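We number each residue from 1, following the sequence as shown. This one's a predicted model, so the numbers in the text were calculated from it and none came from an experiment. One-based numbering, in listed order, for ligands and for the atoms of each.
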Amino acid sequence: MDLAVIGAGVAGCALAAALRQRGWAGSLTLLEIGRGPGGRTATRRSRRDPGLALNHGAPLFNITAQPEPRLLAPLRRGGWIAPFSGAMHSLDGAGQLGAALPDPLSSGTLWQGQPQMDDLCRGLLTLAQQPAPVRLHSSTLVRTLEPLSDGQGWRLLGGEGQALLECRWLVLSGTLLAHPRCQAVFGWPEVPLQQAAAQRGEPQLLEAASALAAIDAQASSNLLLSLSETSAAAWRQQPWRLLQFSPAAQERWGIRRVSLQAMASGRWGVVVESSAAFAERHRQVYGSRSSAAQLLGAAPQPQAEASVIAALDHAVQDALGLSTAGAERQLMRWGAAFPQSPGLAPELSLCPASRIGFCGDAIAGLGFGRVEGALRSAEALAEQLLHRLPAGA
Ligand SMILES: Cc1cc2nc3c(=O)[nH]c(=O)nc-3n(C[C@H](O)[C@H](O)[C@H](O)COP(=O)(O)OP(=O)(O)OC[C@H]3O[C@@H](n4cnc5c(N)ncnc54)[C@H](O)[C@@H]3O)c2cc1C
């Protein structure tokens, strides 16, 4: 491969689309742990239940400055994104509904994937198929990065130590391989990027690897509820589709936001996003039905999971006075939902001597910690890579 991209969230998919938009036709493969593209803008789906589609990460995104990312216009034209159509309200500590509160996730213009959030990444991957195709290997964990002996590229190995591919250039669009949380969560003995940087021994890469390892992130424990048309009746009468909790309400109920989402065949989904403090208290408890947990072989912990589900379920009923009886319940724990400042300095986002680059919402700059930052960092990296990558067919 001329280029391999680890991760098919917004940044990985946007990098592929931005390179193609600029006419680059080299060979490009994306590798993704999840069952499909999306990352933190993914939509939970189920083979057993084809109607289920819950946006369990970001329920929308916002663009706060001009010029907007160049990829936005073709996404809009292709019908992959649309203006956010739901009303936004807030809840205060006394349980009173009020107007939406200004916060970093709701300023500027608001967008949603169309019809679901993962269509944002699907749209980006569709845009990336011209002038040359892009391949996506889903359900594929990259576990180890090995510098090639000629110093001109990388070999990627999977969870069993098997060779996945060799590439001339490599981009990491997520921070899993760069951050010590992979040691805490999966018991890995080393941080893969740090090990690779030490093997390569190149100063800029060593600096980037330690900066990425130092980025803290807020977690989010999300309760996913799937309601039948009948059980959703009272929910649908609410004036909001996205409800922000004020700081006092977050403290009282441990909830940051609730979104109400229409699904196929009259069913409705409710996604309850925990406060940062709640997620921190339950950081070790993940949702066993997430594909990443399954692929990484995380040990099951059914009782702990059930108690986190019960706590959020009780809190949302108490806060809103609405019943969740009859709902199907799942937990999705995002260990690193929102990276915290300062992030990776943009000048470290490409290490040309090591042929490795970084993009994603953890790169410092406009949109940091949000979809906007993932898009902008990918477009900026594409500009830098364009003149360095082999031209392709
Ligand atoms: C609950 C929640 C609510 C949010 N709400 C909003 C919001 O309202 N507005 C907003 O703008 N943003 C919001 N965000 C943040 C937004 O989702 C992110 O900023 C954005 O999706 C980041 O995209 P990314 O491509 O940088 O990273 P990611 O989406 O994390 O993509 C990285 C990808 O790499 C994959 N990956 C990582 N390591 C490996 C590996 N070793 N092998 C294979 N694959 C790998 C991961 O599976 C992932 O798919 C929210 C996030 C969460 C979790």
Heteroatom proximity flag, [X] to ligand 1, N/O under 3.5 Å:
X      : answer
Ala11  : yes
Ser220 : no
Glu273 : no
Ile6   : no
Leu141 : no
His56  : no

Is it the side chain, the backbone, both or neither of [X] that has a heavy atom closer than 4.0 Å to ligand 1?
X      : result
Leu176 : side chain
Ile33  : both
His137 : neither
Thr175 : neither

Could you check if a side-chain atom of [X] sits within less than 4.5 angstrom of a side-chain atom of [Y], using non-hydrogen atoms only?
X      : Y      : value
Val191 : His179 : no
Arg35  : Arg47  : yes
Gln238 : Leu322 : yes
Leu145 : Leu172 : yes
Leu366 : Glu372 : yes
Thr109 : Glu68  : no

Gln129 side chain vs Leu125 backbone, donor-acceptor pair below 3.5 Å: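 Yes, because the side chain of Gln129 sits within donor-acceptor range (under 3.5 Å) of the backbone of Leu125.
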
Taking Leu227's backbone N and O only, do any of them form a donor-acceptor pair with Ser231's side chain (distance below 3.5 Å, no angle check)?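 Between the backbone of Leu227 and the side chain of Ser231 there is no qualifying donor-acceptor contact (under 3.5 Å).
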
Given salt bridge (charged side-chain N to carboxylate O under 4.0 Å, His left out), test Glu305 with Arg333 step by step and report yes or no. CA-CA 10 Å; Glu305 192 172 342; Arg333 193 287 316 268; over 6 Å; no

Contacting atoms of ligand 1, where contact means under 4.0 angstrom from a heavy atom of [X]:
X      : value
Leu31  : 43 (C), 44 (N)
Ala374 : 23 (O), 26 (O)
Asn222 : 1 (C)
Gly360 : 26 (O)
Ala337 : 51 (C), 53 (C)
Leu177 : 41 (N)
Val10  : 25 (O)
Leu60  : 7 (C), 8 (O), 9 (N), 10 (C)

Shortest heavy-atom approach to atom 42 (N) of ligand 1 - which of Leu242, Leu120, Leu156, Val142: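 Going through Leu242, Leu120, Leu156, Val142 one by one, Val142 has the nearest heavy atom to atom 42 (N) of ligand 1.
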
Would you indicate which of Ala58, Pro192, Cys182 comes nearest to atom 4 (C) of ligand 1 when only heavy atoms are counted?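 Checking each option, the heavy atom nearest atom 4 (C) of ligand 1 is found in Ala58.
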
How far apart are the closest heavy atoms of Gly123 and Leu75, and which atoms are they?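 Heavy atoms of Gly123 and Leu75 come nearest at C-CD2, 3.8 Å.
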
Is the closest heavy-atom distance from Arg143 to ligand 1 below 4.0 Å?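 False for this residue.
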
Does the side chain of Asn62 pick up a donor-acceptor pair with the side chain of Arg370 at under 3.5 Å?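 Judged by distance alone, the side chains do pair up.
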
Arg388 and Glu383 ion-paired at < 4.0 Å: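 No, this pair does not count.
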
With sequence neighbours left out, what residues match Asp103 under side chain to side chain contact (heavy atoms under 4.5 Å, CB included)?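 Once residues adjacent in sequence are excluded, the partners of Asp103 under the side chain to side chain contact (heavy atoms under 4.5 Å, CB included) criterion are Leu105, Ser106, Gln244.
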
